[in-house]
Amino acid sequence: ENFNKAIAIAPVVADAYVNRGGLFARRKDYDGALADFNKAIELDPGLAGGYRMRGRIYDALRRYDLAMADYNRAIAVDPGDAQAAAWRGYLYALTGNHEAALRDFKEALRLDPRFSDAYVYRGMYYKERGRHDLALADFNKALALKPASAIAYYQRANLWAQSGNAGEAMRDVHQSIALDPGYDLPYALRAFFYAQNKNYDLALKDLNKSLEINPGFLDAYLNRGLLY
């Protein structure tokens, strides 16, 4: 409501659209977010945040070519944009360009050594590459910098799960859910552990919750099908 009022008062202020678009993005209203980021860029083509945030939406929609173009534009406009560097690094990792991914993570942390999410993304990269020692160090660092990071707890829980440490994994996944009850992935991971322990009712409850949050969560549908 406040963002709507700000835009009504000053409809030519690009930052107001970026702020409201960010709110739409957190609510997974990607159409609303894209409309606002497009408007922000129209009003101020030199606003790095508009490109960065629009890239994030394209990333979520798996339109990776458009996401990469926007991250590149954000960095070209503002070479000091640590968020854009970290997000581009994660996209590079996702698309198999590992050398470029590490280069971007390094640059993001040079620009902002206290950027917790950059450690999370690099930790995810290391985890997928089987470098569990480096991944754990990065997740721990992320949580030292930002103790309320639900994504860092979830990713560390995933790492514990891969390492066979169910107790630590459950502790971390409980904490992730407590910090962000609207985050779908931790429920699915916790459901896995509940199912392993034959707590099928709890597993089903968590899978239902993950699908309530994210109706497009394919793995949750598949795993729920196995419980019936």
Side-chain angles (χ1 to χ4, degrees), residues 18 21-22 25-26 28 30 33-34 37 40-41 46-163 172 176 179-180 183-186 189 214:
V18 171
R26 288 190 293 276
K28 293 185 169 58
Y30 296 139
L34 280 175
F37 297 142
I41 291 166
L47 183 63
Y51 296 106
R52 178 192 349 111
M53 295 299 291
R54 189 175 68 179
R56 192 66 164 164
I57 299 302
Y58 286 139
D59 212 333
L61 295 172
R62 300 186 179 184
R63 300 175 69 178
Y64 297 138
D65 53 339
L66 295 177
M68 184 63 76
D70 271 351
Y71 294 151
N72 288 340
R73 186 63 183 271
I75 291 167
V77 170
D78 180 7
D81 191 331
Q83 270 193 327
W87 291 352
R88 188 177 69 177
Y90 181 65
L91 184 54
Y92 274 135
L94 195 64
T95 53
N97 193 336
H98 304 299
E99 183 178 339
L102 280 179
R103 185 172 63 242
D104 270 356
F105 294 141
K106 181 178 180 180
E107 178 64 7
L109 290 168
R110 184 191 70 80
L111 292 167
D112 183 359
R114 299 188 61 78
F115 184 19
S116 170
D117 284 356
Y119 287 102
V120 174
Y121 299 139
R122 191 174 67 178
M124 292 165 67
Y125 166 82
Y126 284 138
K127 175 168 64 69
E128 293 304 315
R129 303 289 290 169
R131 299 298 305 274
H132 289 184
D133 53 337
L134 295 176
L136 181 59
D138 272 354
F139 296 147
N140 289 342
K141 180 66 174 178
L143 286 165
L145 292 169
K146 188 178 176 183
S149 174
I151 187 174
Y153 274 110
Y154 167 71
Q155 290 296 337
R156 193 172 68 175
N158 228 317
L159 180 65
W160 291 130
Q162 288 185 15
S163 305
D172 275 357
S176 180
L179 288 166
D180 185 359
Y183 185 14
D184 58 329
L185 296 178
L189 180 58
N214 179 9

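Atom set for the values below is all heavy atoms of this structure, side chains included, hydrogens, waters and symmetry mates excluded.
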Trainee: Run the ring-ring contact (aromatic ring centres under 6.0 Å, His included) test against Y125 and tell me which residues pass, sequence neighbours left out.
Mentor: H98
Trainee: Where is the tightest heavy-atom contact between A67 and Y58, given as atom of each residue plus distance?
Mentor: N-CB, 3.7 Å
Trainee: Applying ring-ring contact (aromatic ring centres under 6.0 Å, His included), name anything that partners Y153, two or more places apart in sequence or on another chain.
Mentor: none
Trainee: Tell me, with the steps shown, if M53 and W87 meet side chain to side chain contact (heavy atoms under 4.5 Å, CB included).
Mentor: CA-CA 10 Å; M53 295 299 291; W87 291 352; 3.9 Å; yes
Trainee: Just verifying a value: how many Å separate L94 CG and R62 CZ, rounded to the nearest 0.5 Å?
Mentor: 8.5 Å
Trainee: Ignoring hydrogens, what is the shortest heavy-atom contact between A40 and V18? Give both atom names and the distance.
Mentor: CB-CG2, 3.6 Å
Trainee: May I ask you to test the F105-Y121 pair for a side-chain heavy-atom distance under 4.5 Å?
Mentor: yes
Trainee: Within the 3.5 Å criterion, strictly below it, is a donor on D172 or W160 matched to an acceptor on the partner's side chain?
Mentor: yes
Trainee: For the OH atom on Y90, are there more than 12 heavy atoms of other groups (residues, nucleotides or ligands in this structure) within a distance under 6.0 Å?
Mentor: no
Trainee: What heavy-atom pair brings N214 and D184 nearest, and what distance separates the two atoms?
Mentor: ND2-OD2, 3.0 Å
Trainee: List the atom of A118, the atom of A108, and the distance in Å for their closest heavy-atom pair.
Mentor: CB-CB, 4.3 Å
Trainee: Between atom CG of L159 and atom CZ of R131, what is the distance when rounded to the nearest 0.5 Å?
Mentor: 12.5 Å
Trainee: Decide yes or no for Y92 and M68: does some side-chain heavy atom of the first lie under 4.5 Å from some side-chain heavy atom of the second?
Mentor: yes
Trainee: Any side-chain heavy atom of L134 within less than 4.5 Å of one from F139?
Mentor: no
Trainee: Quick one: CD1 on I41 to CZ on R54, what's the gap to the nearest 0.5 Å?
Mentor: 3.5 Å
Trainee: What distance separates Y30 OH from R56 CZ, expressed to the nearest 0.5 Å?
Mentor: 9.5 Å
Trainee: Say whether Y71 and D59, considering side chains only, have a donor N or O and an acceptor N or O under 3.5 Å apart.
Mentor: yes
Trainee: Restricting to salt bridge (Lys or Arg N to Asp or Glu O under 4.0 Å), what partner residues turn up for R129, sequence neighbours left out?
Mentor: none
Trainee: Measure the CD-CG distance between Q155 and N158 for me, rounded to the nearest 0.5 Å.
Mentor: 5.5 Å
Trainee: What are the two closest non-hydrogen atoms of D70 and Y51, and how far apart are they?
Mentor: CB-O, 3.2 Å
Trainee: With a 4.5 Å cut-off on side-chain heavy atoms, are I57 and R63 touching?
Mentor: no
Trainee: For the backbone of P186 and the side chain of S176, can you confirm whether one donor and one acceptor N or O come within less than 3.5 Å of each other?
Mentor: no
Trainee: Within the distance-only criterion (no hydrogens, no angle test), does the side chain of D117 pair as donor or acceptor with the backbone N or O of V120 below 3.5 angstrom?
Mentor: no
Trainee: With sequence neighbours excluded, tell me which residues meet ring-ring contact (aromatic ring centres under 6.0 Å, His included) with Y183.
Mentor: Y154
Trainee: Return each pair, listed once, that meets side chain to side chain donor-acceptor pair (under 3.5 Å) where at least one residue sits in residues 139-148; pairs must be two or more places apart or across chains.
Mentor: N140-R156
Trainee: Step by step, work out the side chain to side chain contact (heavy atoms under 4.5 Å, CB included) result for L61 and L34.
Mentor: CA-CA 11 Å; L61 295 172; L34 280 175; 4.1 Å; yes
Trainee: When the side chains of residues 73-83 are checked against the rest of the protein, which donor-acceptor pairs come out under 3.5 Å, sequence neighbours left out?
Mentor:
unit_1 : atom_1 : unit_2 : atom_2 : d
D78    : OD1    : G80    : N      : 3.0
D81    : OD1    : R52    : NE     : 3.1
D81    : OD1    : Q83    : N      : 3.2
D81    : OD1    : A84    : N      : 3.0
D81    : OD2    : R52    : NE     : 2.9
D81    : OD2    : R52    : NH2    : 3.3
Q83    : OE1    : R52    : NH1    : 2.9

Trainee: What's the separation between atom CZ in R26 and atom CG in D180, rounded to the nearest 0.5 Å?
Mentor: 11.0 Å
